[in-house]
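Beneath this line is the structure, given in structure tokens, with notes to follow.
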Amino acid sequence: MIYDRILLRFGDLTLKGRNQKYFVDKLWHLVKLKLSGLNVKIEKMYNRFYILLNDCDHNEVIKRLDYVSGLYSYSLVCKCSSNLEEINALALKICQEEIKNNVTFKVEAKRADKRFPITSQDIAKKVAGYVLSNTNNLKVDVHNPEVTLNVEVREEGTYIFTNEIKGMGGFPVGVAGKGLVMMSGGIDSPVAAYLAMKQGIEVEVIHFESTPLTSIESAQKVVDLCKKLALYSPNNHIKIHMVPFMEMHQALLNNVEESYNITIMRRMMYRIATEIARRRSILCLINGESVGQVASQTLESMNVINSVTNIPVLRPVCTYDKLDIIKISKKIDTFDISIKPFEDCCTVYVPKNPATKPNLEKCLKIEESFDYMDIINRIVDETKSINVRYDSDLDLPMLGLVVKSVI
């Protein structure tokens with residue numbers, strides 16, 4: 001392959017003003033973690049990074065970069081000295097290797113180094129003229145070219161490339177603090193976790209398992225989903241908090257009228273998640289709720305359910321269409337796991353006529369009928385944690401959920 005390095009560009013990081021250095025340093029550290037073990041060198045130049053490939057497989061490097069939040073885009077590039085003869089020669093070589101016959105192209109030039117004697121427009125004209133005079137299979141189209149040859153003249157040299165690969169964007173995971181994702185095992189919550197990580201939030205996951213009322217395979221789905229999400233975390237692992245919800249689940253079935261079952265259940269989940277977040281110094285809750293998608297996700301329901309917590313609740317997919325959520329889930333490779341037919345405690349006992357506009361006073365009256373705080377305290381103390389790596393071979397049925405305590 002002709003290219004010897006990869007150019008990494010930042011997106012929203014460039015808007016951070018005086019705080020930009022902090023964000024860039026975080027991104028630098030994250031890129032180093034993700035590329036550890038590869039024979040590459042990373043250079044920092046102004047508001048971009050360069051990865052020197054050193055004959056390393058560029059496909060493997062790009063694959064790992066796809067898991068780095070904070071990168072707007074990257075390109076395979078070649079570098080040469082900033083003199084017109086070398087620029088022309090390298091541009092021609094790239095065109096001969098990268099551009100097929102009968103393809104239209106144009107040259108775009110940027111002269112970041114103002115010491116270079118000719119303007120950007122003249123660079124583009126001269127390079128295009130040289131390429132055209134030494135090939136017979138290319139045509140110039142400055143308005144709608146099939147290929148754009150980019151020439152960037154900088155102080156340390158000139159970079160030439162034809163490609164731009166879109167990155168995750170957002171901010172380096174971890175810069176915004178930590179959030180607790182309420183993970184059901186369905187399609188929406190893993191996508192919500194991914195979008196939160198994309199915006200710089202490091203995540204831990206909480207799952208409410210009700211074995212034997214629900215199957216152990218439902219909890220296993222969450223483990224398998226977190227293996228996929230762990231690839232986006234700084235050290236390739238995510239902590240899952242497995243909440244033994246069966247006692248609360250049974251209490252709800254015994255004490256709550258059917259139409260309010262989901263509403264009260266969600267209120268209990270929020271209380272438990274809030275307490276675990278407090279003990280873990282986690283700043284917010286995150287879930288996969290989307291406005292109006294199901295009965296518990298109307299604005300009226302969200303308001304009543306949300307009233308039990310005093311920490312922020314983020315809903316990254318709240319305005320997304322289901323098809324948009326599915327598209328992202330396929331992109332991050334969680335869709336096939338999410339659609340496995342194992343139900344969690346939010347879906348196994350869905351009432352026939354759930355309350356879509358629940359009354360807060362009625363919820364409070366129902367909750368007065370049983371000692372839910374005693375159950376919550378016991379559940380929180382018995383919550384277990386599992387550290388899941390992307391490459392871990394963790395089987396919950398074999399472990400029997402006997403794992404290290406989270407608290």
Side-chain angles (χ1 to χ4, degrees), residues 5-38 40-53 56 58-77 112 152 154 159 161 163-181 190-205 226 228-239 282-284 286 312 314 316-317 320 327-329 331-334 389-390:
R5 65 196 69 207
I6 301 176
L7 158 64
L8 310 186
R9 302 178 188 84
F10 314 147
D12 289 349
L13 267 65
T14 58
L15 305 176
K16 285 300 176 180
R18 287 179 295 178
N19 294 324
Q20 186 181 121
K21 184 179 184 302
Y22 167 75
F23 284 82
V24 170
D25 287 346
K26 285 286 188 179
L27 182 58
W28 170 265
H29 181 65
L30 186 56
V31 170
K32 287 180 67 176
L33 282 174
K34 292 301 181 183
L35 299 184
S36 62
L38 297 180
V40 298
K41 181 181 178 182
I42 310 171
E43 294 180 342
K44 187 187 297 184
M45 296 282 186
Y46 308 107
N47 62 343
R48 51 180 58 191
F49 301 154
Y50 295 95
I51 300 171
L52 277 65
L53 292 172
C56 185
H58 68 281
N59 291 312
E60 176 61 25
V61 176
I62 290 172
K63 178 182 176 182
R64 296 194 187 193
L65 291 175
D66 284 340
Y67 298 114
V68 179
S69 56
L71 291 178
Y72 176 74
S73 67
Y74 24 95
S75 297
L76 289 160
V77 304
E152 295 188 357
R154 296 183 171 271
Y159 301 91
F161 58 94
N163 58 87
E164 184 171 335
I165 304 165
K166 187 170 175 56
M168 275 183 69
F171 301 104
V173 63
V175 297
K178 188 173 286 188
L180 184 62
V181 179
V191 172
Y194 163 78
L195 292 174
M197 295 168 80
K198 177 181 175 182
Q199 289 306 113
I201 301 174
E202 187 176 356
V203 303
E204 296 184 7
V205 166
C226 284
K228 299 293 185 181
L229 294 171
L231 287 162
Y232 299 94
S233 68
N235 294 299
N236 295 327
H237 71 79
I238 286 180
K239 186 181 290 293
I282 291 174
L283 299 176
C284 68
I286 301 165
L314 307 185
V317 300
Y320 281 53
K327 183 178 179 180
I328 297 173
S329 73
K331 173 185 174 182
I332 63 175
D333 199 24
T334 58
R389 278 184 55 85
Y390 76 97

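- A donor-acceptor pair is defined here as one N or O able to donate and one able to accept, closer than 3.5 Å; no such pair exists between the side chain of Thr334 and the backbone of Pro190.
- Partner Tyr194 forms a side chain to side chain contact (heavy atoms under 4.5 Å, CB included) with one of Leu229, Val181, Val317 and no other, that one being Leu229.
- To the nearest 0.5 angstrom, Ile332 atom CD1 is 7.5 Å from Leu195 atom CG.
- The backbone N or O of Phe171 sits less than 3.5 Å from a side-chain atom of Ser69, completing a donor-acceptor pair.
- Proximity of the aromatic rings of Phe10 and Tyr72 is defined here by a centroid distance below 6.0 angstrom, and this criterion is not met.
- More than 12 non-hydrogen atoms from other residues, nucleotides or ligands lie less than 6.0 angstrom from NZ of Lys34.
- If you run side chain to side chain contact (heavy atoms under 4.5 Å, CB included) between Val175 and each of Lys26, Glu202, Gln199, only Lys26 comes through.
- His58 meets the side-chain contact (heavy atoms from CB on, under 4.5 Å) test with Met1, Leu53, Ile62, Leu76; sequence neighbours excluded.
- The line from CG of Leu231 to CZ of Arg389 is 9.5 Å long, rounded to the nearest 0.5 Å.
- A donor atom on one side chain and an acceptor atom on the other are found under 3.5 Å apart for Tyr74 and Asp66.
- Pairing each heavy atom of Leu283 with each of Ala176, the nearest pair is CD1-O, 4.3 Å.
- Put simply, CG on Leu7 and OG on Ser75 are 5.5 Å apart, with the number rounded to the nearest 0.5 Å.
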Could you go through Lys166 and Glu164, starting from their C-alpha distance and side-chain angles, then the distance that decides it, and tell me whether this counts as salt bridge (charged side-chain N to carboxylate O under 4.0 Å, His left out)? CA-CA 7 Å; Lys166 187 170 175 56; Glu164 184 171 335; over 6 Å; no
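- When all heavy atoms of Leu30 and Pro234 are compared, the pair lying nearest together is CD1-CA, 3.7 Å.
- Note that the CG atom of Leu71 and the CG atom of Leu27 stand 5.0 Å from one another [nearest 0.5 Å].
- Atom CD of Glu204 and atom CD1 of Ile286 lie 10.5 Å apart (nearest 0.5 Å).
- Lys44 pairs by the side-chain contact (heavy atoms from CB on, under 4.5 Å) definition with Asp25, Trp28, Phe49, not counting sequence neighbours.
- Judged purely by atom type and a 3.5 angstrom limit, Arg64 uses its side chain to pair as donor or acceptor with the backbone of Ser36.
- A distance of 11.0 Å separates CG of Leu65 from OG of Ser73, quoted to the nearest 0.5 Å.
- Summarising the geometry of Ser233 relative to Met197, their closest heavy-atom pair is N-CE, 3.5 Å, with the distance given to 0.1 Å.
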